[in-house]
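Following: one structure in structure tokens, then a few remarks.
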Amino acid sequence: MADAVQTSHAVHEAPTGFWRKWIFSTDHKVIGIQYFFLALFSVLLGMILSIFIRFNLVWPGTEIPLLETFFPMGAPGGVMTPEFYLAFLTMHGTIMVFFVLTTAPQGGFGNYFLPIQIGADDMAFPILNMLSFWLTFVALVVLLSAFFVTGGAPISGWTAYPPLSALGEIAGPGLGTGQTLWVLSIAIFCVAALLGALNFITTTIDMRTEGMTLMRMPLTVWSWFVTAILGLLAFGVLLAAGILLLMDRSAGTSFFIPGGLVVSDQLIDHKGGSPLLWQHLFWFFGHPEVYIAILPGMGVTSQLLSTFSRKPIFGYRAMVYALFGIGILGFMVWGHHMFMSGMSPYTAIFFSLMTTVIAVPSAIKTFNWLGTLWRGNIRMTTPMLFAVGFVSLFVTGGVSGLFLNQPSTDIYLHDTYFVVAHFHIIMGVAAIFGIFGGTYYWFSKMFGRQMSEFWGKVHFGFTFVGVYCIFTPMHFLGMAGNPRRYPELTGFDFLEPLASIHLFITIAAFITISAQMIFLINFFWSLFKGKKAEINPWQATTLEWEIPSPPPHDNFAGKLPVVYRGAYEYSVPGEPQDFSMQTSQKTSAS
Amino acid sequence: MATIAPPLPKPKAQSPVGSGDGFDQGDSGGNGDHGAGRPGSLSDQRYYTGMMLGLAAIVMLFAAFTSAYIVRKGLSDDWRATAFPGILWLNSMVLLASSFTLEKARRWRQVQARFQGWWCATTGLGMIFLIGQIVAWQQLVAGGVYVHTNPSSSFFYLLTGTHAVHLLGGVIALLYLSWRVWRRNSGSLGATALGVTALYWHFMDGLWIYLFLLLLIAG
């Protein structure tokens, strides 16, 4: 069946030493696993921070002795100061957005499976790939070190709006060295992301094997490809903004700092800068960043829905064009983050309209997913459950987006929990469901063993119900006017009636977070004790399911495959089985 | 003098990779989709693709700086033009000349002595440009114009400095390739290594002309 005529030209020999094989490896599979574990570490850390955030909102002033042990300055007597709450908030957002949502789906799964799915023996530039991972690692270390410097971590949020983020220690604790480390970390991350994006695009364009035409690529590959294009165009702009911010902080320039500013009773010696300039640069990056997080999840969802419905994906070409549509429109909507900045109503209408238009490719994707499920021979495996969960969350989060993209309603809902609910569902949880789906689906290929299906389904149940319990009530908090970023909610009459909702959210969050232990135990237990995986346990069609689990160093053992079919040929009439591998030639009967 | 024949394209194996039953979402093979069927590890095309993408990222960096430049200048009433150091005219000539010498080196790729002469000239001109830029900064500093003196001076140092860092990368690449020639004792470089380096170098040249005009006209 598998036909291989071309001899692969080994990019590099299989390394033998521990350091070259597992630490400074140039093998895309090892780098993918490195990214995956970096993201796993980061998501656990981000989750722990969110526990303290939710705890403080409901039980402010409660002593947590553990906090004082680690952070004597931020939590004297074990009680979080309001600034320390903001530091946790900032680090939670930064870690989750950059080191989890940007890193796991693209750096992790993309690195591991993109070359295999297009029939290449490695990325186009293996050394750049290694450099990209290690820069990401350094960026994480620099970011986390902000916790342990004088003043602690920054308190300016993951968006780091000036002027507060540009002024230094005078503006608050953590805005001195901590904020500088934050900017440095993001700048390093930008360089890493640019190198990665360059590598992904080149690999997709130039490294496809014979017969792997563009329209035969799995939708996962398309989504990593479009994501890489967004990254290539967006991270350079964030890097520019970071350099300008660093100069305002360290070189005395006034790009973002306006004149006549009085902070902590002191007149600031800057003039003429514009804080809005930062917002424009930041959100020009920031909105595509949302799609950098979610597009790979869309690719994985398409892959899983087709595989487990035993049907070709509905409207393959439309799916590809919709990916590009979302990507291109994503660069024209950044102003919808700034409706409150006093922009001209005409400008706001443009951004509002463009944002609404994104609903079109999004709806194309959603209906095609439903079309794929329609009358399919559905197998409710754990990855399939997470894919269906992704579709649900994508719709829920998309619908609340329609309220926020209207300037008139946004002015009311801006900076309330409605926004928190919206972006957590669509960018956070939906993307995480894509990552979970990918993990349960590809675990056997990556590690050679199977994860437990039963515990996977239990994990899905708790997580799916849990995230809706956490984030649905937040919409109502927002409509009731509950502002975000407040460290505690006592002392405001209009917030008193909302206390029980906050308590419910916190309890739901604790249960959902505890349920993630099921995943962790399943993951690590299966890593060592799981059932040995077959080559193609899901009876899928793409190239990674033709090679051993885990794959050998150069993927195809020196013989690159030849592709004869599209990526989703399930239940082809006249074929002996309900899946046809991409490398199988058509039988004469079909 | 040796003439250089372009490398012949690798003949593509014919195989029944297409199908017409409508079930296949793929195109047929051989439809001009050059990525498919030509494993990149056998092809040098990826170096050009990678370099073009790298340049696209650099374009975005400088586009962001430029938009900040326009906005910051338009918004404020504290913008005072920074005196344009005259040496920049000379530096620009030096950099333009380096693009010329690099093309000469590419043309004489297979004639060792000539190649090495032009190659060294390019590297030297690149270094002279960087020294010239340092002189320009020193002239500004001597005139009391620092990074924080005025938004226009902030942008002057930012734009010229960021360009210099990128050009320094180019000079390091030239030196690295010289070292590779010397180590392998091969006398010259492959067409791809030369082509990709030239792409970057000429781009840096063009970028400088753009920045030069921006600073000269809008500074």
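Letters A, B, ... are given to chains in the order of the sequence lines, protein chains preceding strands, and every chain is numbered from 1.
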Test item: B:Arg46 side-chain N/O and A:Phe125 main-chain N/O as donor-acceptor pair under 3.5 Å
no

Heavy-atom closest pair (A:Leu194 atom, B:Ala57 atom, distance to 0.1 Å) is CD2-CB, 3.9 Å

Residues, nucleotides or ligands: over 12 heavy atoms within 6.0 Å of B:Tyr200 OH
yes

Cut-off 4.5 Å, heavy atoms of chain B, and the answer for A:Leu232 is both

Looking at side-chain heavy atoms only, is the closest gap between B:Met60 and A:Phe285 below 4.5 Å?
no

Interface moiety of B:Val71 toward chain A, non-hydrogen atoms closer than 4.5 Å
side chain

Under 4.5 Å from any heavy atom of chain B, what part of A:Leu277 do you find: side chain, backbone, both or neither?
side chain

Looking only at heavy atoms, which two atoms of B:Ser154 and A:Thr253 are closest? And how far apart?
OG-CG2, 3.4 Å

Tell me, yes or no, whether the heavy-atom count around B:Met52 atom CE, taken from other residues, nucleotides or ligands under 6.0 Å, exceeds 12.
no

Does CG in B:Leu213 sit with more than 12 non-hydrogen atoms of other residues, nucleotides or ligands closer than 6.0 Å?
yes

Is there side-chain contact between A:Val237 and B:Leu61, with heavy atoms separated by less than 4.5 Å?
no

Between atom CG of B:Leu75 and atom CG of A:Leu276, what is the distance when rounded to the nearest 0.5 Å?
8.0 Å

Measuring from atom CG of A:Leu198 to atom CG of B:Leu53, what distance do you get when rounded to the nearest 0.5 angstrom?
5.0 Å

Where B:Ala68 and A:Leu244 come nearest, the two heavy atoms and their spacing
CB-CD1, 3.9 Å

For B:Asp78 and A:Gly272, the nearest pair of non-hydrogen atoms, with its separation, is OD2-CA, 3.8 Å

Segment of A:Phe256 engaging chain B (4.5 angstrom heavy-atom cut-off):
neither

So which of A:Ser580, A:Pro258, A:Ser254 has the largest heavy-atom pair count under 4.5 angstrom toward chain B?
A:Ser254

So what's closer than 4.5 Å to chain B heavy atoms on A:Ile229: side chain, backbone, both or neither?
neither

Checking A:Leu281 against chain B: side chain, backbone, both or neither under 4.5 Å from a heavy atom?
side chain

Roughly how far, to the nearest 0.5 Å, is OG1 of B:Thr49 from CD1 of A:Ile205?
5.5 Å

What part of A:Ala251 is in contact with chain B, defined as an atom under 4.5 angstrom from a non-hydrogen atom: side chain, backbone, both or neither?
both

Crowding at NZ, B:Lys73 (>12 non-hydrogen neighbours, <6.0 Å)
yes

Whatever's closer than 4.5 Å to a heavy atom in chain B on A:Met247 counts as side chain

